[in-house]
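Here the structure comes first, spelled out in structure tokens, and everything after it is commentary.
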Amino acid sequence: MSDTENTVLITKDQPMTQPASTISLATQRGRKRRRVLPTTSPKFITGAVIVISIVLFAIIAPIFSQNPRSTDNPALLPPSPEHWLGTTKLGNDMFAQLAIGAQGSLLVGVVAGGIAIVLSLLFGVLAGYLGGWREDTLALLTNVMIVIPGLPLVMVISSFVPQRSWQLVAFVLGITSWAGAAYVLRLQTRSLRTRDYVYASKVAGERSFRVILVEIMPNLLPLLTAQFLFAIIFAILGEAGLSYLGLGPNSSITWGTILNDAQSGQALGRGAWWWFVPPGIMIAMLGAGLSLINFAIDEVINPKLRNAPDAARRVRKAAKTKGVAA
């Protein structure tokens, strides 16, 4: 048998190792990518259910309720089939006021959070990416806003404005709550601008706007979402506190203005618990739901938080295996 035939036989007998196909590589990459982000999180699911329920209540409930400013009802009625949450001192239906107040509080939170996140992007991401004297200038303004106390400043501004709409309150809360998020975003952007893919985009001649939008912003999305949710929580609680002190919107109904009316109408002394308990519960539930979502996002951002439950379970399992009480 010739050498050529031997070579052919050896080739036929040995299995040929083919390189992995593109589909298998993509599948492996997809699996790795899915392991990075938790597919199911009890915190996120619980928080999303709470927040979505409150949003649906704010949208649907006003359709089936009466005019929240109507005074045709008897005063201080306890909850009944006619008035599910009773009435106020002026005869306003509490269910209708709670539904309209949900719309007002949510609008204040979303608008104030949007203003805060836009300002934090301008002063945080731009400062972290540009560097040099421009970063120093923007960082100086951010540090000044961090030093100035936000809530007292809002109280001073609100006290000088006799007619306060929810738009004005949201604007004031937004411009006084962006500095902390801007500081965090600036540090994160400074870390991202030194990455190889950012340098590659600059060398390729990409404009700064496109580098920020395409290369840096996708990596900041979890952090931006967490900061946005925190700004919404701060705005809703801030509006409730201002309204309770009589410095909130005086031309709109929010959960905070309901609490202020209950305080001025001596609801606690009259035993009208249905006047102040429902808005307090709604504020607490919304804050808890947004906080749970924020905690779930923090676990995505911080690998230590994401891996902490697995590590704790491994420690407990090892302790049980050794016969030691965990």
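In this chain, residues are counted from 1 in sequence order.
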Query - Exam field: side chain Arg270 to backbone Gly265, donor-acceptor pair closer than 3.5 Å - result: yes
**Report entry** Polar side-chain atom of Ser70 near backbone of Asn67 as donor-acceptor pair, under 3.5 Å
**Finding:** no
Requested in this report: Might you point out which heavy atoms bring Leu192 and Asn219 nearest each other, and give the distance in Å?
Outcome: CD1-CB, 3.8 Å
Report task. Please report the shortest heavy-atom distance between Ala99 and Ala61, naming the atom on each side. Result -> CB-CB, 3.6 Å
Query raised in the report: Going hydrophobic residue to hydrophobic residue with side-chain gaps under 4.5 angstrom, can you get from Val118 over to Leu141?
Result: yes
Query raised in the report: Should the heavy atoms of other residues, nucleotides or ligands under 6.0 Å from CZ of Phe234 be counted, would the total exceed 12?
Result: yes
Requested in this report: Test side-chain hydrogen bond (donor to acceptor under 3.5 Å, both in side chains) on Gln97 and Thr88 and set out the steps.
Outcome: CA-CA 10 Å; Gln97 288 219 333; Thr88 66; 5.5 Å; no
Query - Minimum heavy-atom distance between Ile233 and Ser291, given as atom pair plus value - result: CD1-OG, 3.6 Å
**Report entry** Separation of Ile283 CD1 from Met285 CE (nearest 0.5 Å)
**Finding:** 12.5 Å
Report task. Enter the distance from Leu237:CG to Trp255:CH2 here, rounded to the nearest 0.5 Å. Result -> 10.5 Å
Query raised in the report: Can you list the steps and then say if Leu259 with Trp275 is a side chain to side chain contact (heavy atoms under 4.5 Å, CB included)?
Result: CA-CA 8 Å; Leu259 291 175; Trp275 197 352; over 6 Å; no
Query raised in the report: Do Ile54 and Ile50 touch side chain to side chain, with heavy atoms closer than 4.5 Å?
Result: yes
Requested in this report: Would you check if the side chain of Arg164 reaches a backbone N or O of Gly248 as a donor-acceptor pair within less than 3.5 Å?
Outcome: yes
Query raised in the report: Is the number of heavy atoms from other residues, nucleotides or ligands within 6.0 Å of CD (Gln266) greater than 12?
Result: no
Query raised in the report: Under 6.0 Å from the OH atom of Tyr199, do we count more than 12 heavy atoms belonging to anything else shown?
Result: no
Requested in this report: Would you mind checking if Arg190 and Glu135 are paired as a salt bridge, meaning a charged N to carboxylate O distance below 4.0 Å?
Outcome: yes
Requested in this report: Using atom types as modelled and distance alone, determine if a side-chain donor or acceptor of Ser243 lies under 3.5 Å from a backbone N or O of Ala240.
Outcome: no
Requested in this report: Compute whether any side-chain donor of one residue and acceptor of the other, for Ser251 and Gln163, lie under 3.5 angstrom apart.
Outcome: no
Query raised in the report: Judged by atom type as modelled, is there a donor-acceptor pair below 3.5 Å linking the side chain of Thr46 to the main-chain atoms of Lys43?
Result: no
Report summary line: Closest non-hydrogen atoms of Val211 and Ser201, given as atom of the first, atom of the second and distance, are CG2-CB, 4.0 Å
Query raised in the report: How close do Tyr129 and Ile212 get, heavy atom to heavy atom, and via which atoms?
Result: CD2-CD1, 3.6 Å
Requested in this report: For the pair Thr257 (side chain) and Ile253 (backbone), establish whether a donor and an acceptor sit closer than 3.5 Å, ignoring hydrogens and angles.
Outcome: no
Report summary line: Leu85 meets the side chain to side chain contact (heavy atoms under 4.5 Å, CB included) criterion, sequence neighbours left out, with Met94, Phe95, Leu98, Pro278
Report summary line: For Thr87 and Asp93, the nearest pair of non-hydrogen atoms, with its separation, is CG2-CA, 4.5 Å
Report task. Examine distances only and state if a side-chain atom of Trp178 and a backbone atom of Ile175 form a donor-acceptor pair shorter than 3.5 Å. Result -> yes
Query - CZ (Phe57) with more than 12 external heavy atoms under 6.0 Å - result: yes
Report task. Check whether any side-chain N or O of Ser252 sits under 3.5 Å from a backbone N or O of Pro249 as a donor-acceptor pair, and report yes or no. Result -> no
Report task. Measure the spacing between CG of Leu140 and CE of Met145 and express it to the nearest 0.5 Å. Result -> 12.5 Å
Query raised in the report: Can you tell me if CG on Asp136 sees more than 12 non-hydrogen neighbours from other groups inside 6.0 Å?
Result: yes
